[in-house]
S.K.: 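What follows is a single structure, and I will ask about it in a moment.
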Amino acid sequence: QVQLVESGGGLVQPGGSLKLSCTTSGSNLSFYTMGWYRQAPEMQRELVAIISSRNHTNYADSVKGRFTIARDNAKNTVSLQMNSLKAEDTAVYYCKNVGKGAWGEGTQVTVSS
């Protein structure tokens with residue numbers, strides 16, 4: 001059974017940084033495309049960043065140049081480095097094993113002064 005656990009969320013001031021981590025188990029991470037998604041209150045869940053098994057990455061236009069997705073297959077983790085955070089980045093952030101269709105429980109990110 002695939003399990004994903006996100007960590008690293010919290011409260012940060014505008015312009016600040018956070019690094020989210022997703023620890024996975026139950027699958028060989030190296031085989032799968034992994035993604036970070038987010039959902040703000042009363043909004044649909046949206047794709048933030050995605051990384052293929054070959055480390056090809058793609059980002060939502062709203063985060064390009066500010067966020068970086070990376071994977072460490074040896075540690076079964078996927079990270080999301082978030083810099084220059086804005087109030088509109090406030091959301092619950094979810095990790096997804098795209099190939100398996102499995103989601104984590106999410107971690108709250110709040111950007112506020």
S.K.: May I ask you to test the R71-N55 pair for a side-chain heavy-atom distance under 4.5 Å?
M.R.: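 Yes, at least one pair of side-chain atoms sits under 4.5 Å.
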S.K.: Which atom pair, heavy atoms only, marks the closest approach of C95 to L4?
M.R.: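 Here C95 and L4 meet closest at SG-CD2, 3.5 Å.
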S.K.: Any salt bridge (charged side-chain N to carboxylate O under 4.0 Å, His left out) involving residues 24-50? Give me the pairs, sequence neighbours left out, ordered by first then second residue.
M.R.: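 Salt bridge (charged side-chain N to carboxylate O under 4.0 Å, His left out) check on residues 24-50 returns R38-E46, R38-D89.
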S.K.: Sort and list the pairs that fulfil side chain to side chain donor-acceptor pair (under 3.5 Å) and have at least one residue in residues 104-113, not counting sequence neighbours.
M.R.: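 Listed by first then second residue: Q108-T110.
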S.K.: Tell me, do E6 and Y93 make a side-chain contact under 4.5 Å, heavy atoms counted?
M.R.: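 No; the side chains remain at least 4.5 Å from each other.
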S.K.: Any chance CD of Q44 has more than 12 other-residue heavy atoms, nucleotides or ligands included, within less than 6.0 Å?
M.R.: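 No.
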S.K.: Determine the interplanar angle of the Y37 and W103 rings, folded into 0 to 90°, and report it as parallel if under 30°, tilted if 30 to 60°, perpendicular if over 60°.
M.R.: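 Aromatic pair Y37/W103 classed perpendicular.
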S.K.: Please name the pair of heavy atoms, one in N97 and one in K100, separated by the smallest distance, quoted to 0.1 Å.
M.R.: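 Looking at all heavy atoms of both residues, the closest pair is OD1-N, 2.9 Å.
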S.K.: Taking all non-hydrogen atoms of both residues into account, name the closest pair between A40 and A91 and its distance.
M.R.: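 For A40 versus A91, the nearest heavy atoms are N-CB, 3.8 Å.
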S.K.: Under 4.5 Å between side-chain heavy atoms, hopping through other hydrophobics if needed: is there a path connecting L18 to Y94?
M.R.: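 L18 does not cluster with Y94.
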S.K.: Taking only residues two or more places apart in sequence, or in another chain, which ones meet S53 in a side-chain hydrogen bond (donor to acceptor under 3.5 Å, both in side chains)?
M.R.: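 By the side-chain hydrogen bond (donor to acceptor under 3.5 Å, both in side chains) rule, S53 matches no residue at all.
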S.K.: For A60, check side chain to side chain contact (heavy atoms under 4.5 Å, CB included) against everything at least two apart and list the hits.
M.R.: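 Side chain to side chain contact (heavy atoms under 4.5 Å, CB included) list for A60, sorted by chain: S62, V63.
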S.K.: Please find the pair of heavy atoms, one from L47 and one from W36, that lie closest to each other, and give the distance.
M.R.: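 Heavy atoms only, the tightest pair is CD1-O, 3.7 Å.
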S.K.: Could you pull out the closest heavy-atom pair between M82 and L85, with the gap in Å?
M.R.: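 Of all heavy-atom pairs spanning M82 and L85, the closest is CB-CD2, 3.8 Å.
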S.K.: What pairs of donor and acceptor atoms, side-chain ones from residues 23-35 against any protein atom, are under 3.5 angstrom apart with sequence neighbours left out?
M.R.:
unit_1 : atom_1 : unit_2 : atom_2 : d
T24    : OG1    : N76    : O      : 3.3
N28    : OD1    : S30    : N      : 3.1
N28    : OD1    : S30    : OG     : 2.6

S.K.: Under a single-linkage definition using a 4.5 Å side-chain heavy-atom cutoff for Ile, Leu, Val, Met, Phe, Trp and Tyr, are V12 and F67 assigned to the same hydrophobic cluster?
M.R.: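 Yes.
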S.K.: Which distance, rounded to the nearest 0.5 Å, do you find between the CG of L20 and the OG of S79?
M.R.: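 Answer rounded to 0.5 Å: 9.0 Å.
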S.K.: Heavy atoms only: give me the nearest K96-G101 pair and the separation to one decimal.
M.R.: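 Result for this residue pair: CE-CA, 4.1 Å.
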S.K.: What pairs with Y59 under ring pair (Phe, Tyr, Trp, His ring centres under 6.0 Å), at least two apart in sequence or on another chain?
M.R.: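 By the ring pair (Phe, Tyr, Trp, His ring centres under 6.0 Å) rule, Y59 matches no residue at all.
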